[in-house]
Participant: 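Here it is, the structure in full.
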Amino acid sequence: MILSLFQLTFSLAGLTSATNLVHYPPKLTNLNNLSFVLNGSGAPGIFTSSITPDSEYGIYNWCNMPHVRTREYQVPASDYTLKYIEIIQRHHKRTPYASNTFFKEDISWDCTGEGPVYYGKGTIGVTSDPTVVQWSAYTNPENPFTNSVGPGFVGSNCAFPQITTGGINDSYIHGADLRAVYAERLNLSTALDPNMFKIRVTSNPITSQVSGGLLHGLFPDSSDVAALIQADAFDSLSASYSCPVADSIFTAYTTGSVNWTEHLEDGAVLYEELDAVSGIAVNDTAGWHTSFDHYYDNLSAKQCDSKPLPCSVNDTSLCVNQSLADTVFRLGSYEYSYYYRDAFNSTLFGALSYGAWVLELVGHLKEQIEGTSEVKYFHNVAHDDSLGPLLGILQISEMVWPGMGSEIVFELYEKPSSSGSSNYFLRVLWGGQPMQTSLPLGTNSSGLLEMIPVEDFFDYVNNTIGTGPELFAACQG
Ligand SMILES: *[C@@H]1O[C@H](CO)[C@@H](O)[C@H](O)[C@H]1NC(C)=O
Ligand SMILES: *[C@@H]1O[C@H](CO)[C@@H](O)[C@H](O)[C@H]1NC(C)=O
Ligand SMILES: *[C@@H]1O[C@H](CO)[C@@H](O)[C@H](O)[C@H]1NC(C)=O
Ligand SMILES: *[C@@H]1O[C@H](CO)[C@@H](O)[C@H](O)[C@H]1NC(C)=O
Ligand SMILES: *[C@@H]1O[C@H](CO)[C@@H](O)[C@H](O)[C@H]1NC(C)=O
Ligand SMILES: *[C@@H]1O[C@H](CO)[C@@H](O)[C@H](O)[C@H]1NC(C)=O
Ligand SMILES: *[C@@H]1O[C@H](CO)[C@@H](O)[C@H](O)[C@H]1NC(C)=O
Ligand SMILES: *[C@@H]1O[C@H](CO)[C@@H](O)[C@H](O)[C@H]1NC(C)=O
Ligand SMILES: *[C@@H]1O[C@H](CO)[C@@H](O)[C@H](O)[C@H]1NC(C)=O
Ligand SMILES: *[C@@H]1O[C@H](CO)[C@@H](O)[C@H](O)[C@H]1NC(C)=O
Ligand SMILES: *[C@@H]1O[C@H](CO)[C@@H](O)[C@H](O)[C@H]1NC(C)=O
Ligand SMILES: *[C@@H]1O[C@H](CO)[C@@H](O)[C@H](O)[C@H]1NC(C)=O
């Protein structure tokens with residue numbers, strides 16, 4: 001029983017909050033081994049193409065992460081009936097964020113004909129079928145404020161960020177692959193039935209851009225869909241709700257801890273090499289030197305869209321080579337593993353900052369068991385810092401930076417027991433396969449989230465996150 005397990009580990013691992021939350025450390029691999037990250041070699045997966053060959057499908061691909069597909073799907077024993085699925089995914093590949101485009105080199109982005117699309121729609125007469133309008137970003141040198149937002153904007157018609165053509169294509173394939181696995185199992189028609197299916201996005205337009213591609217693959221006969229969205233002030237999907245306690249815990253174990261700053265100090269020589277190409281100042285205050293995130297984003301977005309690595313605008317022989325880029329990619333994985341799994345307080349941070357979404361998930365699962373909802377499938381399109389803390393709460397055994405299109409699937413199954421009553425089981429898929437965690441859940445506490453009694457999951461959530469009012473109070477301190 002889960003509760004006694006937690007009571008047992010309580011004295012060993014230590015109580016970290018008002019709840020019975022326990023941090024189970026991840027596996028030690030090359031991903032979170034700083035010696036290997038700094039002194040090893042190679043990229044930790046595919047970083048140059050959306051395509052993973054079938055023979056190795058399931059490996060890490062930053063440009064297009066593995067997801068559920070018919071070819072690899074593990075069909076459960078026939079006495080398990082699929083009742084409900086909830087999917088949360090990261091958006092697909094995109095241009096860099098504006099904050100990451102201060103890299104002063106000259107590789108430009110062209111978004112002609114690629115949207116994003118924005119227009120209003122009414123319900124009467126001509127208003128129901130207006131002209132599709134795409135945004136085309138532009139700058140004008142007469143506007144003296146232009147350069148204050150970063151040279152990446154100048155001469156590009158892209159919004160930073162926006163999903164690229166390749167990312168829309170990946171979104172479509174993602175939807176079509178999910179349809180091939182789940183349409184028959186959940187009796188989904190080719191047209192979307194809003195009573196059976198819900199899609200949810202965040203206020204960042206790139207999640208809606210992905211939804212357009214995804215839904216075309218999932219429901220080929222629907223062209224007009226309402227996506228659910230919560231206000232930023234309390235959105236659980238983007239986790240933009242206010243939780244000052246989570247923020248201070250995160251700061252304490254990152255900028256406030258040598259466990260974090262050591263990799264920045266050890267990586268100082270890499271910063272010198274990267275800054276020499278980009279022109280970023282040693283005393284930069286825009287985040288280029290507080291983590292490797294910005295360099296990672298600027299380099300990986302180029303490579304996923306088949307662009308060359310950058311050279312200095314002053315000296316075209318001074319370039320970022322592949323081995324330097326690969327080191328940045330290893331550092332990125334290391335940072336995500338630290339943020340969400342390696343740091344002792346990462347589980348506590350995840351529980352506080354992403355607990356609200358998990359409570360909504362538990363509510364959806366309970367409605368299924370109680371038979372009070374017709375919804376068969378709920379799809380969430382989100383961000384890396386949504387999947388990050390969620391993987392932290394689930395205590396995945398090998399943490400990575402959730403790449404483009406990363407997917408977690410929660411499958412709820414019903415199985416009749418010998419006494420005739422129904423039992424419900426949860427299977428959690430990551431990259432299309434049952435998720436390996438460090439939790440004492442699953443057969444023989446193996447941590448494999450495959451057909452675990454759903455009550456064990458509910459108990460774990462109760463111990464780790466608590467109730468809604470408890471979470472709200474814990475966030476305020
Ligand atoms: C990497 O290798 C260098 C030179 O061999 C060594 O000085 C340094 O300590 C190593 N770094 C780590 C983190 O192992
Ligand atoms: C970490 O990586 C270094 C360098 O590759 C290796 O020598 C060491 O054995 C690794 N440590 C562990 C615990 O795997
Ligand atoms: C990196 O920054 C440069 C300059 O701001 C910009 O031109 C480029 O588009 C940025 N991003 C990538 C991935 O290239
Ligand atoms: C779309 O994705 C499919 C499958 O990954 C790939 O074969 C095809 O080349 C892609 N098309 C474009 C235009 O990127
Ligand atoms: C599947 O959907 C069809 C059409 O909506 C409906 O007629 C049928 O009863 C459904 N079957 C099951 C098993 O729910
Ligand atoms: C740093 O890491 C050590 C060893 O894992 C741990 O004992 C310590 O609590 C950590 N400190 C912080 C602030 O995370
Ligand atoms: C890559 O560039 C770094 C400097 O940024 C240099 O030290 C290293 O030797 C280069 N590697 C190759 C294979 O050219
Ligand atoms: C290029 O040279 C100019 C003039 O010395 C300097 O201001 C600028 O920062 C340099 N840019 C890069 C990317 O090094
Ligand atoms: C960085 O240092 C340079 C030279 O010392 C100085 O001119 C500049 O104002 C500093 N920038 C910031 C953001 O502190
Ligand atoms: C974890 O966070 C709690 C609450 O802020 C704090 O008291 C504790 O010292 C932290 N533990 C570590 C190892 O940083
Ligand atoms: C679970 O453990 C028992 C006894 O320790 C063993 O007989 C059984 O094979 C294990 N089951 C699995 C799935 O590993
Ligand atoms: C949640 O856990 C608390 C104690 O940690 C317990 O009192 C309560 O009954 C649990 N609630 C549920 C719904 O299991």
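Nothing here was measured: the structure is a model prediction, and the numbers come from that model. Note that ligands are numbered from 1 as they come in the structure, with each ligand's atoms numbered from 1 the same way.
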Participant: Does Arg179 make a cation-pi contact with Tyr377, if we ask for NZ or CZ under 6.0 Å from the ring centre and within 45° of the axis?
Facilitator: no
Participant: Protein heavy atoms near atom 2 (O) of ligand 7, is at least one of them under 4.0 angstrom away?
Facilitator: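 Flag for atom 2 (O) of ligand 7 set to true, protein heavy atom closer than 4.0 Å.
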Participant: Give me the nearest non-hydrogen protein atom to atom 6 (C) of ligand 7 as residue plus atom name, then the distance to 0.1 Å.
Facilitator: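 I find the closest protein heavy atom is Asn321 ND2, 4.2 Å.
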Participant: I need the atoms of ligand 7 closer than 4.0 Å to a non-hydrogen atom of Leu324, numbered in the order shown.
Facilitator: 5 (O)
Participant: How are the rings of His364 and Tyr84 set relative to one another: parallel (under 30°), tilted (30 to 60°) or perpendicular (over 60°)?
Facilitator: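 Plane angle over 60°, so perpendicular.
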Participant: Return the residue, atom name and 0.1 Å-rounded distance of the protein heavy atom closest to atom 4 (C) of ligand 4.
Facilitator: Ile173 CD1, 3.8 Å
Participant: Looking at atom 14 (O) of ligand 4, is any protein heavy atom nearer than 4.0 Å to it?
Facilitator: yes
Participant: If the plane angle is over 60° it's perpendicular, under 30° parallel, otherwise tilted; pick one for Phe250 and Phe349.
Facilitator: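 Geometry flag for Phe349 against Phe250: tilted rings.
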Participant: Taking the side chain as everything from C-beta on, heavy atoms only, tell me whether Glu407 gets closer than 4.5 Å to Ile88.
Facilitator: no
Participant: Going by the atom numbers of ligand 2, which of them fall below 4.0 Å from some non-hydrogen atom of Phe36?
Facilitator: 2 (O), 5 (O)
Participant: Mark yes or no: Arg71 above the aromatic ring of Tyr57, with NZ or CZ under 6.0 Å from the six-membered ring centre and no more than 45 degrees from the axis.
Facilitator: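 No.
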Participant: Using 30° and 60° as the class boundaries, would you call the ring planes of His67 and His174 parallel, tilted or perpendicular?
Facilitator: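 Ring orientation of His67 relative to His174: parallel.
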Participant: Please list the nearest protein heavy atom to atom 7 (O) of ligand 4 with its residue and the distance rounded to 0.1 Å.
Facilitator: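 Result for atom 7 (O) of ligand 4: Ile51 CD1, 4.3 Å.
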Participant: Between Cys111 and Trp135, is there a side-chain heavy-atom distance shorter than 4.5 Å?
Facilitator: no
Participant: Just which atoms of ligand 4 are under 4.0 Å from any heavy atom in Asn169?
Facilitator: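 Counting atoms of ligand 4 from 1, those under 4.0 Å from Asn169 are 1 (C), 2 (O), 3 (C), 8 (C), 10 (C), 11 (N), 12 (C), 14 (O).
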Participant: Is there any N or O on Asp170 that sits under 3.5 Å from an N or O of ligand 4?
Facilitator: no
Participant: Under 4.0 Å from a heavy atom of Leu28: give me the atoms of ligand 2 that qualify, with their elements.
Facilitator: 13 (C)
Participant: With atom 10 (C) of ligand 2 as the reference point, say which of Leu38, Asn33, Asn30, Thr29 has the nearest heavy atom.
Facilitator: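 Shortest heavy-atom distance from atom 10 (C) of ligand 2: Asn33.
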Participant: Just to confirm my output: which protein heavy-atom neighbour is closest to atom 5 (O) of ligand 7, and how far is it?
Facilitator: Glu273 OE1, 3.2 Å
Participant: How about Thr112 and Asn157: does a side-chain donor come under 3.5 Å of a side-chain acceptor?
Facilitator: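 Side chains of Thr112 and Asn157: pair found under 3.5 Å.
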